[in-house]
Every structure is written in structure tokens, then in C-alpha cells.
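The structure under discussion appears below in the form of C-alpha cells.
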Amino acid sequence: MQPQPFPRAGKRLRIFVGEAEEWQGRPLYRAILEAAQRHQMAGATVLRGIEGFGPDHHLVSERLPDIADNLPLLIELVDSEEQIGRFLPVVQRMVSHGLITVTPVTMVSLSTWQEWPR
């Protein structure tokens with residue numbers, strides 16, 4: 001398959017979880033990253049929040065070490081619509097407490113992958 005010229009359409013998958021969340025005895029964010037690698041996703045980034053709250057409105061903050069046991073994490077992936085579509089059910093099975101969003105993106109350039117998207 002010939003790579004499509006830029007710009008091109010894609011999807012962004014964002015997964016909002018707490019750092020204390022686990023999947024089969026391991027940190028959830030790590031399990032998601034490993035699953036993304038196995039599914040040959042283009043890449044993934046985990047960002048750690050310094051403060052936040054979820055649906056229960058319990059504020060967690062790194063400013064207050066005694067309540068900083070479950071800081072927010074954001075796992076973000078950008079890939080083709082097809083790849084995100086194949087990976088989304090995997091993530092949905094793994095995330096029991098969190099938020100998953102999928103949004104359209106316009107990919108403007110990509111300089112590191114020779115044969116992408118797959």
C-alpha cells in the first residue's frame with residue numbers, strides 16, 4: 001500500500017484513568033501501552049496529571065501528598081481510523097473506571113515511520 005500524502009484524516013484515542021487502576025495485577029496504563037504495541041499502533045503517550053477529579057468529584061493533587069495516591073493519567077494514541085477502530089474494543093475491555101474518547105484529527109506530517117498507516 002502506498003502511503004497517503006499529508007495532510008490526511010485520522011483518529012485520536014484518549015483514555016483517562018487514575019494511576020492506581022490495574023489490569024490483571026499490573027498498572028492499567030502499562031497494560032494498555034503493551035496492548036498498543038502488540039496491535040502495531042503508530043505510537044502512544046502517557047501523560048501524568050498534577051491535579052484532577054473524576055465523576056465522583058474527589059480531587060487528587062500532587063500538591064497534597066497524602067491524597068496524591070491516584071493522580072490522573074491520560075493515554076493518547078493517534079493513528080488511522082481503521083487502526084483506532086480495531087484497537088478500541090481492546091481498550092474498552094480493559095478500562096472499567098475511566099473515560100475513553102475518540103475524535104477525528106488531521107495528521108499534517110509524520111517523519112519517522114516509513115510504511116504508515118498500515
Side-chain angles (χ1 to χ4, degrees):
M1 175 199 306
Q2 287 287 2
Q4 299 171 354
F6 285 100
R8 70 178 97 157
K11 294 283 184 176
R12 176 178 57 205
L13 174 62
R14 295 180 116 188
I15 307 150
F16 299 82
V17 297
E19 67 182 344
E21 294 295 319
E22 292 188 345
W23 171 256
Q24 298 180 345
R26 301 185 342 247
L28 176 59
Y29 78 91
R30 190 69 171 132
I32 291 171
L33 286 180
E34 291 168 0
Q37 282 181 311
R38 285 192 306 276
H39 283 82
Q40 299 181 342
M41 301 299 294
T45 300
V46 177
L47 304 167
R48 185 175 189 230
I50 59 170
E51 226 169 11
F53 65 88
D56 63 357
H57 294 95
H58 175 74
L59 181 67
V60 291
S61 171
E62 76 175 6
R63 292 180 300 124
L64 305 168
D66 56 328
I67 62 170
D69 60 346
N70 194 21
L71 289 170
L73 296 178
L74 169 60
I75 306 153
E76 186 165 279
L77 301 96
V78 175
D79 210 317
S80 68
E81 184 173 353
E82 296 79 18
Q83 277 293 96
I84 295 294
R86 284 190 287 268
F87 189 58
L88 183 57
V90 174
V91 172
Q92 288 176 302
R93 284 191 299 272
M94 298 172 82
V95 177
S96 60
H97 295 91
L99 173 66
I100 301 168
T101 65
V102 178
T103 54
V105 296
T106 300
M107 297 180 284
V108 177
S109 69
L110 182 67
S111 60
T112 57
W113 291 285
Q114 297 288 327
E115 297 178 37
W116 188 86
R118 289 137 324 274

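When a residue number appears, it is its place in the shown sequence, counting from 1.
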Under a 4.5 Å cut-off applied to non-hydrogen side-chain atoms, are [X] and [Y] in contact?
{"X": "R14", "Y": "I75", "value": "no"}
{"X": "V95", "Y": "I32", "value": "yes"}
{"X": "L13", "Y": "L88", "value": "yes"}
{"X": "R48", "Y": "L73", "value": "yes"}

First locate atom [atom1] of [X], then atom [atom2] of [Y], and finally report the distance between them rounded to the nearest 0.5 Å.
{"X": "I100", "Y": "Q92", "atom1": "CD1", "atom2": "CD", "result": "5.5 Å"}
{"X": "R26", "Y": "L33", "atom1": "CZ", "atom2": "CG", "result": "10.0 Å"}
{"X": "S80", "Y": "R8", "atom1": "OG", "atom2": "CZ", "result": "9.0 Å"}
{"X": "R86", "Y": "M41", "atom1": "CZ", "atom2": "CE", "result": "8.5 Å"}
{"X": "E76", "Y": "F16", "atom1": "CD", "atom2": "CZ", "result": "8.0 Å"}
{"X": "L71", "Y": "E19", "atom1": "CG", "atom2": "CD", "result": "4.5 Å"}

Determine the minimum heavy-atom distance between [X] and [Y], stating which atoms define it.
{"X": "T106", "Y": "P7", "value": "CG2-CB, 3.7 Å"}
{"X": "G98", "Y": "V17", "value": "CA-CG1, 4.4 Å"}
{"X": "V90", "Y": "A35", "value": "CG1-CB, 4.2 Å"}
{"X": "A31", "Y": "W23", "value": "CB-CD1, 3.6 Å"}
{"X": "A9", "Y": "M107", "value": "O-CE, 3.3 Å"}

Of V105, V102, T103, V91, the residue whose pairing with I84 passes side chain to side chain contact (heavy atoms under 4.5 Å, CB included):
V102

Tell me if the [atom1] atom of [X] is crowded by more than 12 foreign heavy atoms within 6.0 Å.
{"X": "L47", "atom1": "CG", "value": "yes"}
{"X": "Y29", "atom1": "OH", "value": "no"}
{"X": "E34", "atom1": "CD", "value": "yes"}

Worked verdict on K11 versus E82 for salt bridge (charged side-chain N to carboxylate O under 4.0 Å, His left out):
CA-CA 9 Å; K11 294 283 184 176; E82 296 79 18; over 6 Å; no

Has [X] got a side-chain atom pairing as donor or acceptor with [Y]'s backbone, closer than 3.5 angstrom?
{"X": "Q83", "Y": "Q40", "value": "yes"}
{"X": "D79", "Y": "A42", "value": "yes"}
{"X": "H39", "Y": "Q37", "value": "no"}

May I ask you to check whether F53 and H58 place their ring centres under 6.0 Å from each other?
no

Starting from the C-alpha separation in whole Å, work towards a yes-or-no answer on side chain to side chain contact (heavy atoms under 4.5 Å, CB included) for L28 and E22.
CA-CA 4 Å; L28 176 59; E22 292 188 345; 5.7 Å; no

